[in-house]
Amino acid sequence: MNEQRLRELAFFVDTAAVRGETIEQLTAKFPDLTVDNAYTVQKMSIDQRIERGERLVGMKMGLTSKAKMEQVGVHEPIYGRLTDGMIINNGGDFSIEKGCHPRVEPEVAFIMKRDIEGKVTDAEAVAAVEGVCAALEVIDSRYRDFKFTLPDVVADNTSASGFVLGSTVRPISEVNLGNLGIVMEVNGKAEQIGNSSAIYEHPLRSLVQLLHMLARRGEGLKAGQVVLAGGATAAVPLKQGDHVRVLVDELESAEFRVS
Ligand code: OOG
Ligand code: MG
C-alpha cells in the first residue's frame with residue numbers, strides 16, 4: 001500500500017479519535033491492509049497528535065491475556081503508543097464525552113529507567129526498569145460495535161484512550177511480579193478478579209515481547225517511559241459517574257472517576 005494511502009488512513013483514524021466518532025473498519029474498504037502497514041498507520045496517526053503538541057510518554061502491549069483475546073476475537077499480541085494526552089491523574093476524572101464506547105481493564109505498568117532497544121533478554125529488560133505499579137487502561141475502539149480485525153486494531157493505536165498509574169512504583173526485585181492478585185472494582189463492587197500471571201504468563205514476558213516487536217521496526221523504549229503490560233482480565237464498559245479502582249497485591253491502588 002502506498003504512503004499516500006497510509007497517510008489518509010492515519011488521518012481517518014486520528015479524526016475519529018479526536019471527534020469520538022465511530023468508523024467502519026479499514027479492512028472493509030482495504031482488505032489488503034497488512035499488519036506492517038497498520039503499524040505504519042498507527043505511527044503516522046500518533047505523529048499527528050505530536051504535531052498538535054502531545055508528547056509520547058510510553059507504549060502499551062495489548063491482547064497479552066486469554067481473557068482479552070477472547071473478548072475481542074483477535075489472538076495475537078499487539079502494541080500501541082501512549083501520549084501525555086491520555087494520562088488520567090490517579091484519583092482524577094476521565095471525561096466520557098470525548099469517547100465512543102470506552103471500556104476499562106486492569107493492568108500493571110513498568111516505568112523505564114534506561115533507554116533500551118533490540119532483541120533483549122529478560123535480564124537486560126529487568127535492568128532497564130525502574131519499577132512497576134498498578135494501572136488501569138481505558139480502551140475505546142474507534143470501530144463501530146467495538147469490532148475489528150488484527151490490522152484494524154493496530155492501525156487504531158490498539159484502542160488506546162486513557163490510562164492511570166498507581167502512585168507508588170516498586171522495584172521488580174521487591175514484588176512477586178508473576179503472581180500478583182488483581183481486583184478491579186467499579187462503584188465499590190469487584191467486577192473483575194485476576195492475576196498478573198494471566199498477562200503473557202508473566203508481565204515481564206510482555207515487556208520483552210514489546211521490545212522484540214519494536215526492534216523489527218528499529219524502535220525501542222526511552223528512560224522515563226511507561227509500558228502497560230496488557231489487560232489481565234476482560235474489559236468492562238464505562239458509564240458516567242462510575243468510580244473505578246484497581247487493587248494489585250504488593251502494589252498500591254489506582255483509581256479514577258468517569259465524568
Ligand atoms: C485492543 C486493546 C487491547 C489489552 O490490554 O489487551 C489492550 C482492544 O481490546 O480494544 O489494550
Ligand atoms: Mg490494555
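Both counts, for ligands and for their atoms, begin at 1 and track the order of listing. Since we're looking at a predicted model, the values are computed, not measured.
Atom 7 (C) of ligand 1 has its closest protein heavy atom at Glu105 OE2, 3.2 Å. Nearest protein neighbour of atom 6 (O) of ligand 1, counting heavy atoms only, is Leu63 N, 2.7 Å. From the protein, the heavy atom lying nearest to atom 2 (C) of ligand 1 is Thr158 O, 3.2 Å. Looking only at protein heavy atoms, the nearest one to atom 9 (O) of ligand 1 is Lys68 NZ, 2.8 Å.
Using a 4.5 Å cut-off on side-chain heavy atoms (C-beta onward), Ile139 and Phe146 make contact.
Interface atoms of ligand 1 facing Gly231, defined by a heavy-atom separation under 4.0 Å, are 4 (C), 5 (O), 6 (O). Atoms of ligand 1 lying under 4.0 Å from at least one heavy atom of Val72, given by number and element, are 9 (O). With ligand atoms numbered from 1 in the order given, ligand 1 contributes 8 (C), 9 (O), 10 (O), 11 (O) to contacts under 4.0 Å with heavy atoms of Ile139. Interface atoms of ligand 1 facing Phe148, defined by a heavy-atom separation under 4.0 Å, are 8 (C), 10 (O). Below 4.0 Å from some heavy atom of Ser159 lie the following atoms of ligand 1, by number and element: 1 (C), 8 (C), 10 (O). Within ligand 1, the atoms closer than 4.0 Å to a non-hydrogen atom of Met61 are 5 (O), numbered from 1 in the order shown. Under a 4.0 Å criterion applied to the non-hydrogen atoms of Glu107, ligand 1 contributes the atoms 5 (O). Every atom of ligand 1 with a heavy atom of Val153 under 4.0 Å away is listed here by number and element: 1 (C).
Here the CG atom belonging to Asp14 is positioned 10.0 Å from the CD atom belonging to Glu51, to the nearest 0.5 angstrom. We find the OH-SG distance between Tyr143 and Cys100 to be 11.0 Å, quoted to the nearest 0.5 Å.
Ion pair Lys189/Glu185 not flagged as a salt bridge, since none of the NZ, NE, NH1 or NH2 atoms sits closer than 4.0 Å to an Asp/Glu carboxylate oxygen. A salt bridge is defined here as a Lys NZ or Arg NE, NH1 or NH2 lying under 4.0 Å from an Asp or Glu carboxylate O, and Asp93 with Arg257 fails to meet this definition.
Around the Mg ion (ligand 2), protein N, O or S atoms at less than 2.8 Å comprise Glu105 OE2, Glu107 OE2, Glu137 OE1.
In this structure, Arg103 does not count as a contact residue of ligand 1, since none of its heavy atoms falls inside 4.0 Å of the ligand. Look at Gly230 and you'll find a heavy atom under 4.0 Å from some atom of ligand 1.
A side-chain donor from one of Asn90 and Ser167 sits under 3.5 Å from a side-chain acceptor of the other. A donor-acceptor contact under 3.5 angstrom links the side chains of Asp152 and Thr27, judged on distance only. Under 3.5 Å, the side chains of Thr34 and Asp36 contain no donor-acceptor pair of N or O atoms.
Cation-pi geometry between Arg217 and Tyr39 is not met: the NZ or CZ atom fails to fall both under 6.0 Å from the ring centre and inside 45° of the normal.
By the neighbour-count criterion of 12 heavy atoms within 6.0 Å, atom CD of Glu76 is sparsely surrounded, having that number or fewer from other residues, nucleotides or ligands.
When heavy-atom distances to ligand 1 are checked against a 4.0 Å cut-off, Lys60 comes that close only through its side chain, counted from C-beta outward.
Considering all non-hydrogen atoms of both residues, Val13 and Arg142 come closest at O-CG, 4.4 Å. Here the closest non-hydrogen pair linking Lys119 and His212 is C-NE2, 3.5 Å.
Each of Asp156, Thr158, Val74, Val154 was compared with Phe148 under the side-chain contact (heavy atoms from CB on, under 4.5 Å) criterion, and only Val74 meets it. Considering Arg52, Glu54, Arg55 in turn, Glu54 is the only one that fulfils the side chain to side chain donor-acceptor pair (under 3.5 Å) rule with Thr83.
Between Ser141 and ligand 1, not a single N/O pair is under 3.5 Å apart.
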